[in-house]
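All heavy atoms count here, side chains included; hydrogens, waters and symmetry mates do not.
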Amino acid sequence: MKDINLLLEEEKRIQQEGVTVNEPARPAGKIIVTVLTAALGLTTLIGPKLYAGSMELKLASVQEQLKSEKYQEVMSVKSQLVIEDKQLNDKKSIIEYIDEQAYPVNDILNTIRNNTPKGCTINDIQYDTHTLRLGVRVEEIYNVAEFLLNMDRLENIRLSENSNTIKMNANGDYAFNFEVGQREGE
């Protein structure tokens with residue numbers, strides 16, 4: 001039985017030796033961890049404030065440089081550009097409004113060309129945003145009827161309803177006045 005007791009005492013002694021060796025190391029580790037945590041916390045809290053302060057100083061320096069004479073001309077040119085840009089945008093909006101109201105000339109010319117039958121020749125085209133005047137020479141009278149029928153099928157071009165819509169002279173030349181409808185939004 002003594003053997004058992006000896007083993008227990010040896011274990012107690014080994015555990016006590018390990019405890020005595022580890023005890024001085026624990027407070028030193030806690031101090032190091034605490035110091036590192038405090039340093040990290042201070043860096044996290046103070047670092048951004050220091051960086052923001054340095055950026056504010058740079059901003060103040062740049063603003064002070066912008067007040068110098070060499071940048072005054074740039075500022076005046078910049079203000080002139082703003083004024084010119086506004087005027088350009090106003091003109092652009094007027095052009096866009098006109099474009100919304102009228103069909104492009106190319107579209108009108110293509111429409112006329114595609115709807116002109118054989119035996120008809122277009123001599124004169126006058127177009128503004130709402131009226132279209134065509135001068136047509138025909139070989140036969142039925143060519144006039146076919147031309148008018150083709151034009152009547154179009155949604156955006158209609159014969160005017162006034163009394164001088166169609167004029168004819170002795171040479172077989174006709175003049176037609178059409179109304180061009182407002183362009184639908186795209």
Donor-acceptor pair between T131 and D128 side chains, under 3.5 angstrom:
yes
Determine the minimum heavy-atom distance between [X] and [Y], stating which atoms define it.
| X | Y | result |
| --- | --- | --- |
| Q126 | D124 | NE2-OD2, 3.4 Å |
| N150 | P117 | ND2-CD, 4.0 Å |
| L66 | Q72 | O-NE2, 3.6 Å |
| N123 | V136 | ND2-C, 4.4 Å |

Measuring only between side-chain heavy atoms, which start at C-beta, is [X] closer than 4.5 Å to [Y]?
| X | Y | result |
| --- | --- | --- |
| N89 | K86 | no |
| D152 | R158 | yes |
| N110 | R113 | yes |
| F147 | Y174 | no |
| L148 | F176 | yes |

Let me check something: do [X] and [Y] share a hydrophobic cluster, defined by ILVMFWY side-chain heavy atoms less than 4.5 Å apart, either directly or through other members?
| X | Y | value |
| --- | --- | --- |
| L132 | V105 | yes |
| I157 | L159 | yes |
| I122 | L149 | no |
| I141 | M151 | yes |

Give, for atom [atom1] of [X] and atom [atom2] of [Y], the distance between the pair rounded to the nearest 0.5 Å.
| X | Y | atom1 | atom2 | value |
| --- | --- | --- | --- | --- |
| D85 | K92 | CG | NZ | 9.5 Å |
| E140 | K118 | CD | NZ | 15.0 Å |
| L109 | N114 | CG | CG | 10.5 Å |
| L36 | I32 | CG | CD1 | 7.5 Å |
| L59 | E64 | CG | CD | 11.5 Å |
| L50 | T43 | CG | OG1 | 9.5 Å |

More than 12 heavy atoms of other residues, nucleotides or ligands under 6.0 Å from CD of E73: is that the case?
no
The residue among L154, L134, I108 that forms side chain to side chain contact (heavy atoms under 4.5 Å, CB included) with F178 is L134
